[in-house]
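The structure under discussion appears below in the form of C-alpha cells.
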Amino acid sequence: MKFDEIKSRFVNFLKERDWEKYHTPKNLCISLLIELAELAEFFQWKSDEEIEKIMNNPSEVEKISEELADVFFYLLSLCNTLKIDLLTAAEKKLKKNIEKYPAELVKGKAHKYTYYQKNVNKED
Ligand SMILES: [Mg+2]
C-alpha cells in the first residue's frame, strides 16, 4: 500500500467514526508520546542481547509492529491536523541534515552538529 492510500484510508477511518474532532494538536502529541512509551516498554531495561531475542520471536515482533503502527498513525494524524505534508517535511529535513552532517566530517562519530562547528578546524 502506498503512503497516500494509507493516509486516505486513515482519514476516512476517522471521518466514519466522527473522531476528527478529538484529533487536536495537543491530544495527538500526547497520544503520540503514549504510543511511543508503549513501544519503549518492549526495550526498557533490556540488554542488546535480550532485545535481539525479542526480535527473533514472531509474536513479539507482531506486538512491536502494532505499536509502531500506532505511532505512525498518530504522527500522520498530527500532520494532517496541522496541514503539514509529512513526506515534504521529511525530505526538507533530510537535505538539511545532509548539509549539517557532511559524511566526510562525521563518518563513524556521533556528536551533535555543534561539535563539528566548534571543532571543524581541529578535526584531523
Ligand atoms: Mg498502542
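Treat the numbers as computed from the prediction; the structure is a model and nothing was measured. Each ligand, and each atom within it, is numbered from 1 in the order the structure gives.
Taking the six-membered ring where tryptophan is involved, the planes of F73 and F10 are essentially parallel, since the angle between them stays under 30° and well short of 60°.
Qualifying salt bridge (charged side-chain N to carboxylate O under 4.0 Å, His left out) partners for K63, counting only residues two or more places apart in sequence or in other chains: E60.
Using a 4.5 Å cut-off between side-chain heavy atoms of Ile, Leu, Val, Met, Phe, Trp and Tyr, V11 forms no hydrophobic cluster with any other residue.
Evaluation of the salt bridge (Lys or Arg N to Asp or Glu O under 4.0 Å) test over residues 8-29, restricted to residues two or more places apart or in two chains, returns D18-K21.
Side-chain contact, T81 with H23: no donor N or O sits under 3.5 Å from an acceptor N or O.
Note on the Mg ion (ligand 1): protein N/O/S atoms under 2.8 Å are E35 OE1, E38 OE1, E67 OE1, D70 OD2.
What you find for I84 and A89 is that their closest heavy atoms are CG2-CB, 4.2 Å.
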